[in-house]
Amino acid sequence: MFDSGFGGLTVARAVIDLLPNEDVVYFGDTGRYPYGPRSLDEVRDFARQITTMLVKRHDVKLVVVACNTAAAAALDSLQLEFQVPVVSVIEPGVRAAMAVTENGRVGVIGTVGTIGSGAYQRSVEAHGAPVVLTCAACPGFVEFVERGELDTEQVHVLAQRLLAPVIDAGVDTLLLGCTHYPFLARTISDVMGRQVTLVSSADETAFEIRATLERTGMGRTPGIPCRHRFLSSGDASWFRDLGRRLLGPELDVVEAHAWD
Ligand code: DGL
């Protein structure tokens, strides 16, 4: 699985918990984060390059695009190009949000790239459910997470400004359409109010991975010890320090990855 940095660790946590027999190879492209302000074409190139590396060098049997921006830019082309199943976080997140809302007003927040791509609007329309979606880009949130600033006064002030459109829309459900945002859940929830349910795509994505492994008969036999690997294209020791705080003890060693 891959993300621009630490965000996909929210999905890795859910996968490790739900599928304890599976090995995870996690790539955080911290050397090139953030993806959100980049063009979709550039992010598509990155996603293709990373997927090639995971398939060819690490022989993975399934790829999880644990980054909404990369999924918005590249999911369709990755699914066409690669033989292995490619699972994204967008569709599972939409499913989870639609199961939760009672008043039919759902907010989705994400990077500029994700929100601008229209991927969430298309996914909700495809379901044909009577849901009114209000979208808001939250530039700056990812940078706070990457710096390990999860609950500061500055991020609170930024959240008050960026979340105003979804508060004004009267949503009862807020979908965190960026895998970094669950790390800011306390701040986001403080600003939204306790009556609004925050939905992350991590658990639903893990269920989708399990279903795909079952359907294809690719699940790993229990009993063989797992080996997770974590790679970063940026500062590997920072990835280890903050990543371990965010994911937990499974993140022990981080390998530095340099693009050729
Ligand atoms: N975690 C990525 C996402 O879900 C963040 C993208 C970024 O680096 O801006 O969109």
Side-chain angles (χ1 to χ4, degrees), residues 1-15 24 26-51 63-75 78 86-94 96-97 107-123 135-150 155 158-159 162 174-185 187-188 198-206 208 230-235 238-239 242-243 246-247:
M1 61 177 67
F2 70 92
D3 177 50
S4 63
F6 295 96
L9 293 177
T10 53
V11 184
R13 180 72 267 157
V15 171
V24 169
Y26 184 96
F27 181 75
D29 201 5
T30 38
R32 302 191 294 200
Y33 105 94
Y35 282 2
R38 294 179 186 270
S39 75
L40 292 179
D41 282 345
E42 187 176 27
V43 174
R44 192 176 304 118
D45 287 345
F46 291 170
R48 195 167 169 269
Q49 185 186 28
I50 296 165
T51 304
V63 172
V64 185
V65 185
C67 171
N68 292 258
T69 314
L75 181 67
L78 296 178
V86 181
V87 174
S88 120
V89 282
I90 293 180
E91 177 60 26
V94 167
V108 59
I109 53 174
T111 66
V112 169
T114 300
I115 298 302
S117 75
Y120 274 100
Q121 293 89 326
R122 283 194 295 280
S123 176
C135 302
C138 293
F141 276 10
V142 166
E143 288 83 343
F144 274 105
V145 173
E146 293 283 323
R147 290 198 298 266
E149 294 176 37
L150 308 181
V155 73
L158 182 65
L162 296 175
L174 182 66
L175 174 52
L176 307 179
C178 170
T179 52
H180 281 71
Y181 298 175
F183 293 128
L184 300 175
T187 298
I188 293 171
L198 303 189
V199 173
S200 134
S201 55
D203 287 333
E204 194 67 24
T205 301
E208 179 154 334
F230 297 89
L231 300 102
S232 163
S233 61
D235 181 339
W238 173 241
F239 199 92
L242 180 59
L246 298 175
L247 180 96

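First listed ligand is number 1; within each ligand, the first listed atom is number 1.
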*Residues which pass salt bridge (charged side-chain N to carboxylate O under 4.0 Å, His left out) with Arg48, listed by chain and number, not counting sequence neighbours*: Glu81
*Kindly determine whether Phe230 and Phe239 satisfy ring-ring contact (aromatic ring centres under 6.0 Å, His included), including the steps that lead there.*
CA-CA 9 Å; Phe230 297 89; Phe239 199 92; 7.4 Å; no
*Backbone N or O of Ala72 within a donor-acceptor pair of the Arg44 side chain at under 3.5 Å?*
no
*asked:* If the condition is salt bridge (charged side-chain N to carboxylate O under 4.0 Å, His left out), which residues does Glu146 pass it with, not counting sequence neighbours?
replied: none
*Which parts of the protein, at residue level, reach under 4.0 Å of ligand 1 through a heavy atom?*
Asp3, Ser4, Pro34, Tyr35, Gly36, Cys67, Asn68, Thr69, Thr111, Val142, Cys178, Thr179, His180
_For Tyr26, ring pair (Phe, Tyr, Trp, His ring centres under 6.0 Å) partners two or more places apart_ = none
*Does Phe6 have its ring centroid less than 6.0 Å away from the ring centroid of Phe183?*
no
